[in-house]
Protein chains: 2
Amino acid sequence: MSRRSGILEFAVLGLLRESPMHGYELRKRLNTSLGVFRAFSYGTLYPCLKALVANGWLTEETVGSPEPASLTNRRAKIVYRLTAEGKSHFEELLAHSGPDAWEDEHFGVRFAFFGQTSRDVRMRVLEGRRSRLEERLEKMRTSLARSRERLDDYTLELQRHGMESVEREVRWLNELIESERAGRDQRAVDPAEQHQKDTSGDAGGLPRRRGGSRPDPSDDTTT
Amino acid sequence: MSRRSGILEFAVLGLLRESPMHGYELRKRLNTSLGVFRAFSYGTLYPCLKALVANGWLTEETVGSPEPASLTNRRAKIVYRLTAEGKSHFEELLAHSGPDAWEDEHFGVRFAFFGQTSRDVRMRVLEGRRSRLEERLEKMRTSLARSRERLDDYTLELQRHGMESVEREVRWLNELIESERAGRDQRAVDPAEQHQKDTSGDAGGLPRRRGGSRPDPSDDTTT
DNA sequence: TTCGTCATGTAATGGGTTACATGATTAC
DNA sequence: GTAATCATGTAACCCATTACATGACGAA
């Protein structure tokens, strides 16, 4: 019961699949790595974690307080770990490519886990998103044509900018789809097995354009 | 009591300032003219209208059923009209340029009513939005630099695209701010007085670039 | 000693959607 | 006659935020 919106659940399972974590850290990852799109508060995250545990998808393991030999113990951390059922549940979710997968709220998170998604699902999601945007564009165009005369310059400009944004995303999707087609390897990577960065196997078809930004040696791998 | 989120309220008042309307039509305008950003359902709109009437900002006038000479009467329409208090309330809202005015949810609607906003407020809102986006960009850059190594290509690509979108909006704002600066006329237009389209007075400073799209003579002023 | 960050949680509240109920009118 | 669109409304629910409560640790 209480299907906590899917998107948080999905992201949590996905992040925990990479490695066990406690809530606080999880939230930071949610709002940086995946972020940009959505920021969840503790009031949302913690109850969700409890629910996932209740579903048998996570186990919680208290770390810190039980040991009396504690010098470096802050308040007891609760480390969440994905169970086998949790993992297979996440894989089911990953495999779904239904219409909701390419809606605004879901698409971002789905994309963020494309590294663990099979290529055909990736393709369906990308193409679904694209046609979704294209029909939206169509609507915008007709409604604009119909009301152009009675709209003032600012409203028009807003509309124009909005359309341009959508067009831009379509172009982005086109590029992605094309480079997916170019790639041959449809394997989905299990991040738990992928201990060090796999530079050899090209699992997808990303153009890898990575711009400037010097490699910055400041290492804060804060636990 | 029950400040129904501001944004809907604001948009409703703003649209009704242009001309009286009934709920159904109002909603369509909300989701096309202003749309792109947000779509409200009847379950939100109708209760909001009732609340605005209760506040004395609107009057409701039933049209259709009372007349027995009804040939063209659908179900009784309820036409909402802005009261004097409603109008001055809306003008107060228009004049506010606090921090929330340039947050994601609000900015779009605020911009949509820039035609009725004084130039100094327009400037503050645009500049506020720009610096908001710039600080967001800053965060994204640092968090990206910090985690670049452990992120896979798709996550990286998502991040890159996200940043590019924000950068693009900043450039857009730059253009807008510049053309606002170039404009001299800071008058805010009262749409009720502006019966036919004012092509002479340049109330703002928009680059008026309007692209192609043939003038399409299909007139469906459905009312 | 006070501030910032780490760390976990809950209750109240808010803002909105979905699904439903109702019914007239128009276009095919 | 039946589907689509016009037109208004409500109750149940959902998702998430806010504000609060609690408390330890490190650094200034």
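Here is the naming used below: chain letters follow the sequence lines, and residue numbers restart at 1 for every chain.
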Visitor: Between A:Y42 and C:dG9, is there a contact of a side-chain N or O with OP1 or OP2 at under 4.0 Å?
Guide: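 No, A:Y42 has no side-chain N/O under 4.0 Å of OP1/OP2 on C:dG9.
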Visitor: As a test of reading the structure: which of D:dA7, C:dA7, C:dT10 is closest to the side chain of A:P47, going by heavy atoms?
Guide: C:dT10
Visitor: So for atom CZ, which belongs to A:R141, do other residues, nucleotides or ligands contribute more than 12 heavy atoms lying within a distance under 6.0 Å?
Guide: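 Counting other residues, nucleotides and ligands, CZ of A:R141 exceeds 12 neighbours.
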Visitor: Looking at B:F107, B:F111, B:W172, which one forms a ring-ring contact (aromatic ring centres under 6.0 Å, His included) with A:H161?
Guide: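 When B:F107, B:F111, B:W172 are each tested with A:H161, the ring-ring contact (aromatic ring centres under 6.0 Å, His included) holds only for B:W172.
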Visitor: Measure from CG on A:L45 to C1' on C:dA7 and round the result to the nearest Å.
Guide: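 After rounding, the gap between these two atoms is 12 Å.
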Visitor: Distance check needed: D:dA7 P versus B:L49 CG, whole Å only.
Guide: 14 Å
Visitor: Would you tell me if any nitrogen or oxygen in the side chain of A:K50 comes within less than 4.0 Å of OP1 or OP2 on C:dG9?
Guide: yes
Visitor: How would you list, by chain and number, every residue that makes a ring-ring contact (aromatic ring centres under 6.0 Å, His included) with B:F10, sequence neighbours excluded?
Guide: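 Expected list: B:F90, B:F113.
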Visitor: Is B:G23 touching bases, backbone alone, or none of the nucleic acid, heavy atoms closer than 4.0 Å?
Guide: sugar-phosphate
Visitor: With a cut-off of less than 4.0 Å, is there a side-chain N or O of B:K28 near OP1 or OP2 of D:dT5?
Guide: no
Visitor: Which residue in the set B:R130, B:R136, B:R129 passes side-chain hydrogen bond (donor to acceptor under 3.5 Å, both in side chains) when paired with B:E169?
Guide: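 For B:E169, the side-chain hydrogen bond (donor to acceptor under 3.5 Å, both in side chains) test succeeds with only one of B:R130, B:R136, B:R129, which is B:R129.
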Visitor: Using whole Å, report how far NE2 of A:H22 lies from P of C:dC6.
Guide: 9 Å
Visitor: Rounded to whole Å, how long is the line connecting atom CZ of A:R27 with atom P of C:dT5?
Guide: 13 Å
Visitor: Taking only N and O in the side chain of B:R38, is any of them less than 4.0 Å away from OP1 or OP2 of C:dG16?
Guide: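 Looking at the OP1 and OP2 atoms of C:dG16, one of them is under 4.0 Å from a side-chain N or O of B:R38.
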Visitor: Mind calculating the distance between CG (A:N31) and P (C:dA7) to the nearest angstrom?
Guide: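 So the two atoms are 15 Å apart, to the nearest Å.
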Visitor: Atom CG of B:L8 to atom P of C:dG16: distance rounded to whole Å?
Guide: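 So the CG-P distance, B:L8 to C:dG16, works out to 6 Å.
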Visitor: Quick check for you: among D:dT18, C:dT17, D:dC6, whose closest atom lies nearest to any side-chain atom of A:S41?
Guide: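 Output: D:dT18.
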Visitor: Rounded to the nearest Å, what distance is computed from the NZ atom of residue B:K77 to the P atom of nucleotide D:dT5?
Guide: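 So the NZ-P distance, B:K77 to D:dT5, works out to 17 Å.
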Visitor: Would you find a donor on one side and an acceptor on the other, under 3.5 Å apart, between the side chain of A:T117 and the backbone of A:R122?
Guide: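 The answer is no, because no donor-acceptor pair under 3.5 Å joins these two groups.
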Visitor: Counting side-chain heavy atoms from CB outward, which of D:dT17, D:dT5, C:dT17 is closest to B:F40?
Guide: C:dT17
Visitor: Any side-chain N or O of B:Y24 less than 4.0 Å from the OP1 or OP2 oxygen of D:dC6?
Guide: yes
Visitor: Taking CD1 from B:I78 and C1' from D:dG9, how many angstroms apart are they, rounded to a whole number?
Guide: 9 Å
